[in-house]
Q: 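Before I ask anything, let me first share the structure, which is written out below as C-alpha cells.
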Amino acid sequence: MIPLANPVPYIAVIGLVLVGLFAVVFKRNLIKIVIGITIIESGVNLFLITLGYRENSIAPIYTSSPGGLMSLPVPQALTLTSIVIGVAVLALMISFIVHIYRHYNTLDASKIRGDEE
Amino acid sequence: MLDQIISTFETGSGFWNPLVWLTALVIAFLIIYILRGFGKREYKKGTDQTQAFLSGNPEYEKDKMHVKANNVYWGFTESLKSVYNFFDKMHTGNVSDYVLWFVIIMGILFLIFGVI
Amino acid sequence: MNDILSILVNHSPALIVAVPLFGAFLTPLVGMINDKLRNVFVIFITLLTGFFAVILVNEVFTNGIKTYCFGAENPSVNPVVRIFFEVDGMSAFMALIAVILPIVAVIYSWGFAKEETGQSKYYTLILLMTAGILGMVLTGDMFNFFVFLEITSISSAALVAFWTNKKNSVQAAFKYIVISSIGALMVLFAIAIFYGQYNALNMAVIANSIGFGFLDKIALVVLIAALTMKAAIAPMHMWLPDAYSGAPSPVTVVIVGTTLASLYGVFRVVFTIYGKQFLTILRSFGDFAVTPSLIIGVFIVVLAVLTMIIGVFMALKSNNFKRMIGYAAVAEIGYMILAVGSAISTYFIPTGTTTVTMAEHGKMALTGGIFHMINDALDIGLLFLVAGAVYYATKETSLNKLGGLSRKMKYTTVFFLIGLFAVSGLPPMNGFASKLIIYQSTYQVNPVLAIVAILCSIMLLAVFVKVFHSAFLGPEISSIKNVKEVPRSMLIAMGILAALIIFFGLFPEFVITNIVEPAKNALLNSSEYISAILGGV
Amino acid sequence: MSGMSKIVKTIASLAFPFVMIYGLYIIAHGHLTPGGGFQGGAIVASGAAMILVAYGSVWTMGKVKEKHLSTLESTGAIVFIGTAILGLLFAGVFFNNFLFDSNLIFNIVPTGGSTVGILNSAGTLPIMNFAVGLKVVAGLFAIVLVMAYATTKMGGNEK
C-alpha cells in the first residue's frame, strides 16, 4: 500500500499533472504545449521517486555506505529511464516545431491544420 | 493437413466451405462469360457506332465527363448536413482538442467508477 | 540440427526483439557500403525476425505459455524482481501480425523510397519500430511495456515526419508525438500506482495480487483511457487520419501494427491484469449486479458504435485518398472493439445470474474480434500500399485530381479491388469471415449493434466504390499523363498481402482453429498466465 | 548561430577538458557510484554543446560531421546489444553477465575490504555503460548540433 504518512509530495504530483494537462489543453502556443508535457512528465517522475522514498533513508549506494535504511533503488532506475525517454521525446517535439514554424510561419496550435485534400 | 484446410466453418446459422464457394465462383464466371457472348461483335470502329449518345447533345471533353470525387455522394452529404456540421466541428485539427477529448473520456470513466 | 533448433526456440522471445534492434543499428553502417546491400540486409533482418516469430508461435501453440527471463541463469530465484518476456497465445498472435507488416513494408520501400535521401535512417527507424511493437506484445513486465511503447511512438513519429518538406507530414507527426507521449506518461502513472501498491512490475504478479480498491480504479481508468487513445478509439481518434495520411505509405503499414499493439495493451490490462476482479459486485439493484466487466464492456461498446459511425461518415466525405483510408481504419478498429466490448459485457457475469448461451455468444464475439485484428492489419495495409502506389505513379493523393488509372496500372487496380472487397466484408475475402462472426454474435447480444455494424460495412463499401470510381475508372486525366505501373518490388509487396487476404478468406476455419482460438483461450484464461510465472515459486 | 566574443571562446576552451574528464569519470564509475552511461554522456555532450554555443554552429559543423556522429551512435548501440547477445552465446541467457567471475576483464567479485568499490568489477556492466555513454554523447550532441544549424538556415525569419 502506498504510504500516506506525508501526503505533500502526492498533492504536488497531482498538482503538476493537472497543471501540465491544463497547459496542453488550453495554451495555444506549441512551445507551451510542449512545456505542459514536460510538466506532466516531472509530475509522474516525482510520483515514482516518492514511492521509493522511505522516511530517514539514505541513498541506495553500497560502496562505503554508513548503513541503515536505504530508499528503494528500483523506482529511481525507472525514473532515470523515464527521464532518458523524456529527453528523446522533447528533442523530437522541438525539432518538429522548428519544421512547423518553417512551413506555417506561426506557432498557434489552432492554425496548424493538415491538408483536407 | 489438407482436410483441415478445406474444413467447413460453422458460425451457428450459416456455414462456409471453400469448395462450395469455389464452385459458386466458377459457375458465376461461366454465366458472365455466356452473357458476354451475347454481345454484338460486328460494330465498326471509328464511326458513330462507338460514340456515346447524349440525347443528341455534343459530347464534352473526356476530362470533363469524369465525375469528381467531390460530387459522387453529393446527395448523401447534403441531406445529412446537420450531422456533418457536427462532425466537422468535432474535427478541429487542433492538438489541444485531441487531448481535451482524452481528458473528457478519462473524466467520464472516473465519474462512472466514482458513482458506482 | 535439432539441438540448434531447440536452442533457437528456447531463446526466440529474446532474439525476436534483439535481431531487429541489432539490425537497426547496423543498417547505417551497412548503408555506407552500398545502397542495394543495405536493402538486402534489411529485408534479411525482417525475414529472420519472421522466422523467429514463426518458430516461437509454433512453440507457444503446441506447448503453451513460454516465459523467458533476461540476464539470469536461474530465474526461479526471486522471480518478482526479474524482467520476463511472457508469450501466451494472444502475444504470439500479435507477434505474427507484427512481423508480417514490416516484411511487406521493407520490400515495398525498395521501390518506393528509391529516390529519397536519408534512406539508412528510414530503415533504421522501421526496424526500431518493429522491435518496439514486438517488445510491446511479448513482454510480461509493465515497465518494459512502457519503454517499448515509447520506443514505438518515438520511431513512428519520426517516420511520420520523414517527408519534412511537406507541411502535412510535419504537423501530423507533431500531433502524433504529443498524443503518444501523453498517453505513455499516463500509462507510466498507472504503472507507478501498481508499483506502489503491489511492489511489483511483473504483470502476472500484479494480476495475482490485484484488488479493486480506490487506487486500482484510478489505475484502471488511466490505463484504459490512455491505451484506447493510442489505439485511436473515438472520440480520441483524430490523430489517426492525420498520422496515417502524413506518413509515407510503407510506414503507415507498420504504424497500423502500432495501433493494434496498443489495442493489445487494452486487452492485456482488461483481461489479464484485472481479470480476477471482473466479478466483484460493486453494487446491485435487486437481481441486477453491476460488475467491473459490465461497466467496461458497455463503455467500450458505446465507444465502438461511435467509432464505427464517425469513421465511415468522415471517410465518405473525405476527398484525400490516404485520409479516407485512415478514417476507414478508424471504423475497422470500431469493429474489433465492438466485438471485444460485447464479449467483456456478456462473458464475465456472476454465476447463476445468466444463461450459458450468452457466455457462448460472448466467446464467439471475442473470436470474431481477434480474427478481425489480423484482417484489419492486412486490409488496411494493402489499401495504404495501393494509395502509396498511386502516389508514386502520379504524385497526387487528392481524389478530385485523379482518374482513369486502371488503364495504365492494371495490377494496382486488381490489388485495390481485392482490398476493397476485403475491407467492406465481401466474400471471398478475409473481412467477410470475421465480420460474419461479429454480426452474428453481436446480434445475440443486442440486435441494434449488429444492425449498426452492417450499415457501417455497407457504407465502407460505398466509400471505396467512390475511390474506385474516381481514381481508377473514367477517362485519363490530362494533368497526369506519364503514369506507369509501379516497380516490381512494390507489386510483390502488395501481392503478398493480397495472397494472405485471399487465403484467410477462403479458409477461415483453418485460420480460426490454428491461430485465433489459442489467442482467445489465452485471453480468457488469466490464471494460466499468472501461474506460468508464479507456478514455480 | 555565429560565434561569441573572444572571452567566451577562451573560457569555454579552458573549461572544456574538465567537463570532459568529469563526464568520462561518471561514465567509467557507473557501476560503483551514482551515474552511468546516460548521465556521464549528457555531461560530455553538454560540454560539447558549450563549445558549440561559444564558437557557433557553422564553425562546429565544419569540425564535426553529423554523419560521423550517427556512426558513433550506431556503434554504441551495437556494442550494447552485442554484449547482450554475447551473454546468450557464452552463458546461455540473453543479457547474461558472462564476464562476472570469469578470467577476463572486469571480473573481480567484491567480497569486502579492499575489493569494495574497485573499478575492475561488475562484469559486462562497465562495457554497457561505455556503450550507452558513447551513444548518448553522439546522439545528444547531434541533436543540439543539427538544431543549432537549422536555425542558421532559417535566415531572416528570426529576430
Side-chain angles (χ1 to χ4, degrees), chain A residues 1-4 10 13-14 17 20-21 24-25 30 33-34 36-52 72-75 77-79 81-82 84-86 88-105 109 111-117, chain C residues 81 142-144 146-147 149-151 153-155 157-158 160-161 164-178 180-182 184-193 195-201 213 215 241-243 245-246 317-321 323 396-401:
Chain A
M1 195 56 208
I2 293 177
L4 282 174
Y10 299 104
V13 167
I14 293 168
V17 172
L21 277 179
V24 175
V25 172
L30 291 187
I33 289 176
V34 171
I37 291 173
T38 334
I39 293 175
I40 299 177
E41 195 197 315
S42 325
V44 176
N45 287 345
L46 178 64
F47 188 34
L48 275 168
I49 282 289
T50 319
L51 288 174
L72 278 176
V74 176
L78 303 189
T79 314
T81 317
S82 149
V84 174
I85 292 171
V89 172
L90 185 64
L92 198 61
M93 282 194 288
I94 294 291
S95 44
F96 287 160
I97 289 180
V98 171
H99 279 294
I100 285 178
Y101 188 78
R102 205 176 276 170
H103 288 298
Y104 288 80
N105 267 321
K111 287 181 185 144
I112 314 292
R113 303 200 53 178
D115 308 337
E116 284 302 322
E117 289 209 351
Chain C
V81 297
M142 276 313 260
F143 192 75
N144 230 330
F146 162 76
V147 171
L149 184 69
E150 284 280 26
I151 291 178
S153 321
I154 291 173
S155 47
V160 170
T164 44
N165 54 344
K166 290 190 172 184
K167 65 181 190 180
N168 193 29
S169 304
V170 180
Q171 59 92 20
F174 180 75
K175 285 168 186 169
Y176 183 44
I177 189 75
V178 166
S180 305
S181 60
I182 288 180
L185 283 173
M186 287 299 156
V187 170
L188 182 61
F189 189 75
I191 293 170
I193 293 178
Y195 186 78
Q197 271 198 302
Y198 305 113
N199 237 332
L201 291 168
L215 287 170
D242 284 340
S245 62
K317 184 179 162 254
S318 166
N319 287 322
N320 180 315
F321 198 170
R323 208 176 171 76
E396 191 60 70
T397 55
S398 169
L399 289 174
N400 282 332
K401 293 174 187 157

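Values in this document were obtained by computation on a predicted structure and should not be read as measured data. In the text below, chain A, chain B and the rest are named by the order of the sequence lines, each starting its count at 1. For the numbers below, each heavy atom of this structure counts, side chains included, while hydrogens, waters and symmetry mates do not.
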Q: Roughly how far apart are A/Leu21 CG and C/Leu185 CG, rounded to 0.5 Å?
A: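 So the CG of A/Leu21 and the CG of C/Leu185 are separated by 9.5 Å.
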Q: Would C/Phe143 and A/Val74 count as a side chain to side chain contact (heavy atoms under 4.5 Å, CB included) if you check the C-alpha gap in whole Å, the side-chain angles of each, and the deciding distance to 0.1 Å?
A: CA-CA 11 Å; C/Phe143 192 75; A/Val74 176; over 6 Å; no
Q: How long is the span from the CG atom in A/Leu90 to the OG atom in C/Ser181, to the nearest 0.5 Å?
A: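 If we round to the nearest 0.5 Å, A/Leu90:CG and C/Ser181:OG are 9.5 Å apart.
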Q: Which region of C/Phe189, side chain (C-beta onward) or backbone (N, CA, C, O), has a non-hydrogen atom less than 4.5 Å from a non-hydrogen atom of chain A, or is it both or neither?
A: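 Answer is both: backbone and side chain atoms of C/Phe189 are under 4.5 Å from chain A.
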Q: Ignoring hydrogens, what is the shortest heavy-atom contact between C/Gly196 and A/Leu51? Give both atom names and the distance.
A: CA-CD2, 3.8 Å
Q: Going from CZ on C/Phe146 to CG on A/Leu78, what distance comes out if it is rounded to the nearest 0.5 angstrom?
A: 9.5 Å
Q: Just verifying a value: how many Å separate C/Ser169 OG and A/His99 NE2, rounded to the nearest 0.5 Å?
A: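 C/Ser169 atom OG to A/His99 atom NE2 measures 11.0 Å (nearest 0.5 Å).
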Q: With a 4.5 Å cut-off on heavy-atom pairs, point out which of A/Ile85, A/Ile97, A/Leu72, A/Ile112 contacts chain C the most.
A: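 Ranked by heavy-atom pairs under 4.5 Å with chain C, first place is A/Ile85.
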Q: Considering non-hydrogen atoms only, spot the tightest contact between C/Val170 and A/Phe96 and give its length.
A: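 Reported closest heavy-atom pair: CG1-O, 3.6 Å.
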Q: First locate atom CG of A/Leu92, then atom CD1 of C/Ile177, and finally report the distance between them rounded to the nearest 0.5 Å.
A: 5.0 Å
Q: Please list, chain by chain and in numerical order, all residues satisfying side chain to side chain donor-acceptor pair (under 3.5 Å) with C/Gln171, sequence neighbours excluded.
A: C/Asn168, C/Lys175
Q: Can you tell which part of C/Phe321 gets under 4.5 Å to a heavy atom of chain A, answering side chain, backbone, both or neither?
A: neither
Q: Go through the atoms of C/Ile182 and report whether side chain, backbone, both or neither lie under 4.5 Å from a heavy atom of chain A.
A: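 Side chain only.
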Q: With a 4.5 Å cut-off on heavy-atom pairs, point out which of C/Asp242, C/Ile151, C/Ile191, C/Val178 contacts chain A the most.
A: C/Val178
Q: Please state whether the side chain, the backbone, both or neither of A/Val17 comes within less than 4.5 Å of a heavy atom of chain C.
A: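 Answer is side chain: those atoms of A/Val17 sit under 4.5 Å from chain C.
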Q: Just give me the residue among A/Leu30, A/Val34, A/Ile33, A/Val24 that pairs up with chain C most often, heavy atom to heavy atom, under 4.5 Å.
A: A/Leu30
Q: Counting only heavy atoms closer than 4.5 Å, note whether C/Ala172 contacts chain A via side chain, backbone, both or neither.
A: neither
Q: If I measure from the heavy atoms of chain A, does C/Thr164 come under 4.5 Å with its side chain, its backbone, both, or neither?
A: both
Q: For the CG atom of C/Asn144 and the OG1 atom of A/Thr81, what is their distance to the nearest 0.5 Å?
A: 10.0 Å
